[in-house]
There are 2 protein chains.
Amino acid sequence: MAPEILVVDDDRELRETMVEILSEAGFTVTAAASGEEALATLARQPFALVLIDMIMPGLSGQEVLPLLKRQAPRAKVIMITAFATVENAVEAMRRGADDYLTKPFKVDELLTAVRRTLEEARLRECGFSIDMDSTFSCLGNALRREILKLVAREQRIRFMDIARHLGIEDHTKMNFHLKLLRDAGLVGQDERKNYLLTPEGQRVIDCLGQLQQG
Amino acid sequence: MAPEILVVDDDRELRETMVEILSEAGFTVTAAASGEEALATLARQPFALVLIDMIMPGLSGQEVLPLLKRQAPRAKVIMITAFATVENAVEAMRRGADDYLTKPFKVDELLTAVRRTLEEARLRECGFSIDMDSTFSCLGNALRREILKLVAREQRIRFMDIARHLGIEDHTKMNFHLKLLRDAGLVGQDERKNYLLTPEGQRVIDCLGQLQQG
DNA sequence: ACAATCTGTGAAGAATATTTCACAACTCTC
DNA sequence: GAGAGTTGTGAAATATTCTTCACAGATTGT
């Protein structure tokens, strides 16, 4: 499925030009003439990317941005303005915009910005997908959480060292939990049987840290 | 404990001026004269905020930024430059900077930017702290995860409606799980006994969505 | 090669978590 | 206020997970 883009601009001519350029480049494009219309459209359908003119009657781009980010946190946003200043640009980015385009722009500038931003979004979706069910049921156990945290901290660690660090005398007990962590795809082993985090495990740890205080 | 700030600038005079200003404002400040030194310092000690000059011999600010973000993802960053352009500012923000300051700046501009950025960091730490143990052991159960997701989707929902949505015929079973979710602080009830997400629950849901594809 | 340690398996028993059931207060509507 | 539906409690039965134990191949150091 082609990436869905929403173009929001009150200037009909510019709006239609942008739609045309992006459509020809192979994107699926929808247009909205105001911030209000954009939010309504976003409520009905998800978009990968939203292009917003900063200056519009009614809701301005600046005002739409936080509303949009709340409603569709995963949508990427490129702000467009004729009055570009460092302050405005920084402010827009601080508020959650992903890029910033100055009018007038060339066709190439638009396409480059759009492609780059979509590419970033695609990267973030990562190659692997995490199976929430196995991950959560696995981490429902406190000892397994401890093991995961320890492996994350030590980077690579051997079986018996995990047991010693956590004060577990029965290694077969450790093995039981370690196996579940392996099955859930959270930890793996290198060629020397050292235990280490998989990318999935790394991501879970990141998320955990963020959950705790971030 | 006062917030820890790291100032990175090769220009000794400006560096010491910034340290002085920030120290007098009550912050705990450390200085580094180069990108390399900054990264080494960050490895030894965490900082809430790092101020980096864009242009330095050796590692430039642009080069330090991604390294720093990898090493200390939770540190906030303010980039400082004498050659401010919209493009440079946008680029720095895209790469993970949290604010952007143009030289020469007034004392007030520096303090405002620093305070605002730290305030944002503080807000993100939120008022409540999540008890990872109870949260995870609670969400170890698939049915409870389903309930949490349903409550998140519906915003507020009544007891029996949860049961019907999930096709659970025995309401006392529902009650068992709902109670555990309440005990874990993930869901609450309003005055009419509608179930709804607590802030903690909201945060967990956000994190979950992000884990799945973000 | 030998001993010592490490890494692993599977099955039975022990401990927890979950479901079911009997029961009841409460809140609507009529 | 009677009846229907809602929201709840606690204890016993059941299912699941966890621990322990007996055993064994692999690896390492000497």
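Every chain is numbered from 1 and lettered A, B, ... according to where its sequence line falls, protein lines coming before strand lines. When reading the values below, keep in mind they use all heavy atoms of this one structure, side chains included, and skip hydrogens, waters and symmetry mates.
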Discussion item. Between B/Glu4 and B/Arg44 (salt bridge meaning N to carboxylate O under 4.0 Å), is one present in this structure?
Written reply: no
Worksheet item: Is the closest basic N to carboxylate O distance between A/Arg15 and A/Asp53 below 4.0 Å?
Response: no
Worksheet item: Can you check the A/Phe176 CZ to D/dT20 P distance for me, whole Å?
Response: 12 Å
Discussion item. Can you give me the closest heavy-atom contact between B/Ile78 and B/Tyr100, atom names plus distance?
Written reply: CG2-N, 4.3 Å
Response to the item:
ring pair (Phe, Tyr, Trp, His ring centres under 6.0 Å) filter on A/Phe136, not counting sequence neighbours, yields B/Phe136
Worksheet item: Which residues within residues 158-174 of chain A lie with some heavy atom under 4.0 Å of an atom in DNA chain C?
Response: A/Arg158, A/Phe159, A/Met160, A/Arg164, A/His171, A/Thr172
Discussion item. If you compare every side-chain N and O of A/Asn141 against the phosphate oxygens of D/dT17 (OP1, OP2), does one of them come in below 4.0 Å?
Written reply: no
Worksheet, complete the sentence: Axis-to-axis angle for the helix from C/dA1-D/dT30 to C/dC30-D/dG1, ends of five pairs each, to 10°, equals 40°
Worksheet entry | Heavy-atom side-chain proximity of A/Val77 to A/Met79 below 4.5 angstrom | yes
Discussion item. What contact category does B/Arg192 fall into here, base, sugar-phosphate, or nothing, at under 4.0 angstrom with non-hydrogen atoms?
Written reply: nothing
Worksheet item: Salt-bridged, B/Glu16 to B/Arg12, with N to O below 4.0 Å?
Response: yes
Worksheet item: To the nearest angstrom, how far is A/Leu180 atom CG from C/dG8 atom C1'?
Response: 14 Å
Practice prompt. Send over the distance from A/His177 NE2 to D/dT20 C1', rounded to a whole Å.
Written response: 12 Å
Item to complete: Between C/dT18, C/dG8, D/dT9, spot the one nearest the side chain of B/Asn175, thanks.
Response: D/dT9
Item to complete: Report the distance from atom CD1 of A/Ile147 to atom C1' of D/dC18, rounded to the nearest whole Å.
Response: 12 Å
Worksheet entry | Nearest-Å distance for atom pair CG/P, residues B/Asp133 and C/dT16 | 16 Å
Discussion item. OP1 or OP2 of D/dG8 versus the side-chain N and O atoms of B/Gln189: is any pair under 4.0 Å?
Written reply: yes
Fill in: NZ/NE/NH1/NH2 to OD/OE distance under 4.0 Å, B/Lys149 and B/Glu146
yes
Item to complete: Answer yes or no: is there a side-chain heavy-atom contact under 4.5 Å between B/Met18 and B/Leu14?
Response: yes
Worksheet item: Over how many whole Å does the gap from A/Arg144 atom CZ to D/dT16 atom P extend?
Response: 16 Å
Worksheet item: What is the distance, rounded to the nearest whole Å, between atom NZ of B/Lys179 and atom P of C/dT19?
Response: 15 Å
Practice prompt. Indicate yes or no: at least one non-hydrogen side-chain atom of B/Cys138 is less than 4.5 angstrom from one of B/Leu181.
Written response: yes
Discussion item. Between B/Tyr195 and D/dT6, is there a contact of a side-chain N or O with OP1 or OP2 at under 4.0 Å?
Written reply: no
Item to complete: Take atom CG of A/Leu178 and atom C1' of D/dC18, then tell me their distance rounded to the nearest Å.
Response: 15 Å
